[in-house]
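The basis for the numbers below is simple: all heavy atoms, side chains too, and nothing from hydrogens, waters or symmetry mates.
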Amino acid sequence: MAVSSYGGQKTVREGSSEKRKAILAAARDLFVHEGVDRVNMDAVATRAAVSKRTVYDYFGDKRSLFLAILSEVSESLLATGLRAIEEHLPKDALITTVPELEAALTALAIDLGATVVGSADLHAGFALVAQERLRTPTTEDDIETAPIQAALAERIAHFVDAGLLDTDNPRLAADHFGALTLLLAYERQPVPAHADPDQIRQIMIDGAHAFIRAYARR
């Protein structure tokens, strides 16, 4: 039987993917709505329709279960972000003018707005991070976004070299792009179930335009 270990703690079973998904989904929902401290493993087991022993066998303890949720969210976000960057800003893209670049960045932003801002699972992960940071700030309680930022920074550096953008800090420019698009959309559409797709789309269009106004070479 396959085994794995979370953070050097007790060895746990990988088990069936269906049960793991059920446990993670149950824990994520309970943690978000009731708070991590208020939820016990019995409640997680009941919600997931498995035994408490199964929850412990698969994840070891509540802390490891919490970190597994963040890991799952990080993996989903990474796959979504890298896919969107490769689709809209591929390395072989024939983008030679600022208007063409703005169109590509706008398409990227709209794609991310639809797939990230509107995702209940990703939103739940971010809500958990915010919740835990208020209680016990730690670098472990976070969702990994650095690879996506690095990938976008690499593409921005490419367009700097091509003479379309002007910055000596592509990573900061990538952070600004995210702030003008995804972060602003999250702030204005905080509940995925009630998010307005048209408003999210407009935020992304305006954000990409503001980015170009700030960084386009003149």
If a pair satisfies salt bridge (charged side-chain N to carboxylate O under 4.0 Å, His left out) and one of its residues is in residues 149-164, list it, with sequence neighbours excluded.
none
Identify the two heavy atoms, one from [X] and one from [Y], that lie closest to each other, and give their separation to 0.1 Å.
X    : Y    : value
I69  : A27  : CD1-CB, 3.8 Å
A109 : T181 : CB-CG2, 4.0 Å
L128 : F31  : CD2-CB, 3.4 Å
L78  : P147 : CD1-CB, 3.5 Å
Y58  : I23  : CD2-CD1, 4.1 Å
P170 : A153 : CB-O, 3.4 Å

Between L182 and M204, does the side chain to side chain contact (heavy atoms under 4.5 Å, CB included) criterion hold? Intermediate values first, please.
CA-CA 7 Å; L182 285 176; M204 296 302 176; 3.7 Å; yes
Without hydrogens or angle criteria, can the side chains of T54 and D57 be said to hold a donor-acceptor pair below 3.5 Å?
no
side-chain hydrogen bond (donor to acceptor under 3.5 Å, both in side chains) pairs, two or more places apart, involving residues 106-118
R83-D111, H88-D111
side-chain hydrogen bond (donor to acceptor under 3.5 Å, both in side chains): which pairs involve residues 164-177, sequence neighbours left out?
Q149-R171, Q149-D175, H176-Y215
Measure the [atom1]-[atom2] distance between [X] and [Y] for me, rounded to the nearest 0.5 Å.
X    : Y    : atom1 : atom2 : result
L70  : L65  : CG    : CG    : 10.0 Å
I156 : L164 : CD1   : CG    : 12.0 Å
I110 : L105 : CD1   : CG    : 11.0 Å

Got a sec, which residues hit side chain to side chain contact (heavy atoms under 4.5 Å, CB included) with [X], two or more places apart in sequence or on another chain?
X    : value
Q199 : Q189, D196
L77  : V116, L122, F126, I143, T145, I148
L183 : A179

Is R217 reaching over with its side chain to a backbone N or O of L165, donor-acceptor style, under 3.5 angstrom?
yes
Give the C-alpha distance, both sets of side-chain angles, the deciding distance and a yes or no for side chain to side chain contact (heavy atoms under 4.5 Å, CB included) between F177 and L108.
CA-CA 11 Å; F177 181 81; L108 170 63; 4.1 Å; yes
Got V73 and V129 here, is their nearest side-chain heavy-atom distance under 4.5 Å?
no
Sequence neighbours left out, what passes side chain to side chain donor-acceptor pair (under 3.5 Å) with Q202? Give chain and number order.
D206
Listed partners of D121 passing side chain to side chain donor-acceptor pair (under 3.5 Å), at least two apart
R28
K62, NZ atom: more than 12 neighbouring heavy atoms under 6.0 Å:
yes
Less than 3.5 Å apart, which donor and acceptor atoms pair up between the side chains of residues 89-98 and the rest of the protein, not counting sequence neighbours?
| residue | atom | partner | partner atom | Å |
| --- | --- | --- | --- | --- |
| T96 | OG1 | E100 | OE1 | 3.3 |
| T97 | OG1 | E100 | N | 3.2 |

When Ile, Leu, Val, Met, Phe, Trp and Tyr are grouped by side-chain heavy atoms lying under 4.5 Å apart, directly or through other members, which residues fall in the same group as L184?
I203
Could you list the donor-acceptor pairs under 3.5 angstrom formed by side chains in residues 41-50, with sequence neighbours left out?
| residue | atom | partner | partner atom | Å |
| --- | --- | --- | --- | --- |
| T46 | OG1 | D42 | O | 3.0 |
| R47 | NH1 | D29 | OD2 | 2.4 |

With sequence neighbours excluded, residues passing salt bridge (charged side-chain N to carboxylate O under 4.0 Å, His left out) with E102:
none
